Amino acid sequence: MFNFKKHPKALPFLFFSEMWERFGYYLMIGIFTLYLKDSVNGFGFTEKEAADLYGTFIAFVFLTPFIGGLLADRVLGYRRSITIGGIMMGIGYCLMSVHDKNMLYVAMILVILGNGFFKPNISTLLGNVYNSEEYKSKKDSGYSIFYMGINIGAFVCNFFGAALFNIYGWYAAFLAAGIGMFVGITIFWIGTKHYKHADVIKPKSDSDMSLLHIFSVILLPSIGFGLLALMLPKPLVGSATNDAFLFGCIPIIFFYGRLLYKSPKEEKRPIAAMLAIFSVVFMFWAIFKQNGSTLNTWAERYTDREIPSTILPGMKSLYLAEKITYKKDSVVVMDEQFRIKDKKLMEWNFPSYFKNMPPEDLPAENESIYAFNTNLFQSVNPFWVIILTPLLIAFFSFLARKGREPSTPTKIAFGLLISGLSCFVMVVAIYANDNGMIKASSWWFISSYVVITIGELFLSPMGLSLVSKLSPPRLTSLMMGGWFLSTSIGNKLSGVLSSMWDNYENKANFFYVNIVLLCAAAILMFGMLRWLNAIFEEHK
């Protein structure tokens with residue numbers, strides 16, 4: 001599939017390390033909200049509660065790379081940071097298998113901190129490997145291949161998660177996520193000789209802040225701002241957790257502004273370019289990361305998941321068929337939009353798969369059907385990434401040979417625009433299926449992901465490459481942390497948007513809001529292209 005021979009020997013080891021790390025993460029995140037909402041074997045969360053916790057969780061998962069990148073740059077180095085992070089995440093996934101709410105929060109904290117050490121530093125280490133003259137021109141394609149590893153792990157994991165859930169329950173799926181993480185760390189250390197030379201702690205310059213200074217003027221104020229938000233008499237952005245997160249980001253954003261102001265003259269333009277891009281692309285993540293919340297809800301409630309009889313025996317033999325039993329009293333408190341009308345029953349009575357099925361298609365009382373597990377639909381996006389990445393690499397290689405390959409900022413701008421178009425597919429799906437009153441074909445879901453995946457491939461791997469190209473060597477991991485800070489803010493906003501799903505009578509309006517947000521971001525990005533491209537020309 002890949003010609004690793006044209007790339008550094010480090011690439012396959014980093015590729016498979018990241019693949020297994022993402023196997024664990026996406027297996028966990030694909031079942032996270034489903035587990036929270038499960039009223040029998042989970043915690044019985046409402047849709048809004050689950051979306052809020054999901055958004056907060058994935059926001060902090062991508063906020064901690066700021067700290068992890070900083071410590072790797074200044075103190076720990078990349079290999080040590082990656083190892084610490086991987087072990088913490090592996091333990092966190094395993095602890096999620098314990099059905100206890102307090103243990104769940106401990107596990108989430110371990111995953112949040114572990115990702116902060118792992119995520120920015122493996123991407124930075126890969127970029128360092130490509131900094132030699134021999135491989136510098138292949139950096140974009142190297143990151144695209146690396147991104148493919150992420151998505152192979154994300155594709156495969158959901159099949160394991162579904163089968164293990166069907167056989168044993170939620171706990172087995174979470175344990176599998178932990179095992180996958182430990183496999184990734186093992187592979188990473190097997191290949192260490194190929195990137196040991198790229199693991200260099202950057203020398204401190206006069207313009208750098210000390211670690212003590214950073215912790216005292218950035219991290220402690222972030223905690224203080226977050227606690228201050230919790231004391232507000234009324235939430236400003238939906239919930240107290242939303243306010244606490246957004247307020248807590250203020251000192252970190254201030255830090256990056258100060259970093260730009262204090263940097264030497266020759267570093268100001270590239271840092272300004274990166275910060276400008278960070279301030280726009282967060283909107284992509286606000287829409288894209290609804291895959292684990294809104295789109296999981298769409299797959300669970302509104303999509304026809306019943307397995308055709310022709311393949312049912314095979315799916316049963318692979319333990320990929322979820323048994324769903326029809327009980328009339330399981331839906332009596334639900335309205336047509338799956339909203340609970342009797343709030344006293346919210347903790348135990350959740351939407352039934354059969355709610356929006358025609359009466360003539362309903363099974364008899366206590367009879368069952370077999371359906372694809374909801375989390376299997378989380379593999380649709382990585383499937384398209386795997387299929388489309390080689391095509392996109394070939395396309396950009398063809399343009400490069402003609403001298404017409406778009407710059408990295410141009411690719412990101414088109415990524416935002418294309419992603420906005422994916423929401424139109426969901427709008428059409430809602431109108432075609434009577435605002436969710438009729439079960440929708442899974443092809444609507446799949447088609448929407450074709451479009452947003454193209455946008456993702458224009459944007460996400462290019463963002464990693466952008467940071468590696470423009471960052472001053474002493475700040476590479478710190479600026480990679482800035483990329484993930486932007487992702488973090490977007491992730492939190494995805495939870496805010498998803499928590500509003502039940503407020504929309506016409507579900508098409510929900511996706512119209514997404515379209516407006518992405519198109520506005522695309523317009524801003526295109527407006528900055530001339531300036532951004534000039535900076536990129538200076539730093540080729």
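Here the structure is a predicted model, which means the values were calculated and not measured.
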Under the salt bridge (charged side-chain N to carboxylate O under 4.0 Å, His left out) definition, can you give me all pairs with a residue in residues 488-498, not counting sequence neighbours?
D52-K492

Point-to-point distance, once rounded to the nearest 0.5 Å, from [atom1] of [X] to [atom2] of [Y]:
X    : Y    : atom1 : atom2 : result
S488 : K289 : OG    : NZ    : 11.0 Å
L126 : S17  : CG    : OG    : 11.0 Å
L485 : F62  : CG    : CZ    : 12.0 Å
S460 : F288 : OG    : CZ    : 7.5 Å
I454 : L388 : CD1   : CG    : 5.5 Å
C157 : I31  : SG    : CD1   : 9.5 Å

Output all residues satisfying side chain to side chain donor-acceptor pair (under 3.5 Å) with [X], sequence neighbours left out; order by chain, then residue number.
X    : result
T192 : R79
N491 : none
S222 : none
E456 : Y147, N381

Determine whether T453 and L457 satisfy the following criterion, side chain to side chain contact (heavy atoms under 4.5 Å, CB included), listing intermediate values before the conclusion.
CA-CA 6 Å; T453 299; L457 291 174; 4.3 Å; yes

Quick one: closest heavy-atom pair of [X] and [Y], and the distance?
X    : Y    : answer
M89  : M181 : CE-SD, 3.7 Å
A229 : F247 : CB-CG, 3.7 Å
I271 : S263 : CD1-OG, 3.3 Å
S422 : V451 : N-CG1, 3.6 Å
I515 : C423 : CG1-CB, 3.3 Å

Distance-only criterion, 3.5 Å: show the donor-acceptor pairs between side-chain atoms of residues 280-287 and protein atoms not counting sequence neighbours.
residue: W285; atom: NE1; partner: T487; partner atom: OG1; Å: 3.4

Mark yes or no for whether S279, through its side chain, and A276, through its backbone, hold a donor-acceptor pair below 3.5 Å.
yes

Heavy-atom donor-acceptor pair, N121 side chain to F117 backbone, under 3.5 Å:
yes

Side-chain heavy-atom pair [X], [Y] within 4.5 angstrom cut-off:
X    : Y    : value
F424 : F511 : no
V61  : Y25  : yes
W444 : V428 : yes
F278 : L275 : yes
M479 : L470 : no
F160 : F23  : yes
I452 : W384 : no
L392 : F458 : yes

All side-chain contact (heavy atoms from CB on, under 4.5 Å) counterparts of [X], not counting sequence neighbours:
X    : answer
F510 : Q290, T294, W501, Y504, N514
A272 : L260, W531
Q378 : N158, N291, N296
I87  : T83, I91

Walk me through it: do T124 and N128 pass the test side chain to side chain contact (heavy atoms under 4.5 Å, CB included)?
CA-CA 6 Å; T124 300; N128 288 353; 4.2 Å; yes

Ignoring hydrogens and angles, write down the donor-acceptor pairs under 3.5 Å from the side chains of residues 398-414, residues two or more places apart or on other chains.
residue: E405; atom: OE2; partner: K411; partner atom: NZ; Å: 2.8
residue: S407; atom: OG; partner: T410; partner atom: N; Å: 3.3
residue: S407; atom: OG; partner: T410; partner atom: OG1; Å: 2.8
residue: S407; atom: OG; partner: N533; partner atom: OD1; Å: 2.4
residue: T408; atom: OG1; partner: K469; partner atom: NZ; Å: 3.4
residue: K411; atom: NZ; partner: D140; partner atom: OD2; Å: 3.4

Could you walk me through whether F245 and L63 satisfy the side chain to side chain contact (heavy atoms under 4.5 Å, CB included) test, starting with their C-alpha distance in whole Å, then the side-chain angles of each, then the deciding distance to 0.1 Å, before giving a yes or no?
CA-CA 10 Å; F245 174 82; L63 181 63; 3.9 Å; yes

So does E18 pair up with K119, basic N to acidic O under 4.0 Å?
yes

For Y261, is the NZ or CZ atom of K268 found under 6.0 angstrom from the centre of its six-membered ring and inside 45 degrees of the ring axis?
yes

What class does the angle between the rings of Y512 and Y431 fall in, given that below 30° is parallel, 30 to 60° is tilted and above 60° is perpendicular?
tilted

Pair F118 and F188, ring centroids less than 6.0 Å apart
no

Please tell me whether F445 and F377 form a close aromatic pair, meaning their ring centres lie under 6.0 Å apart.
yes

Could you tabulate the donor-acceptor pairs under 3.5 Å formed by side-chain atoms of residues 520-529, not counting sequence neighbours?
none

Does CZ belonging to R269 count more than 12 external heavy atoms closer than 6.0 Å?
yes

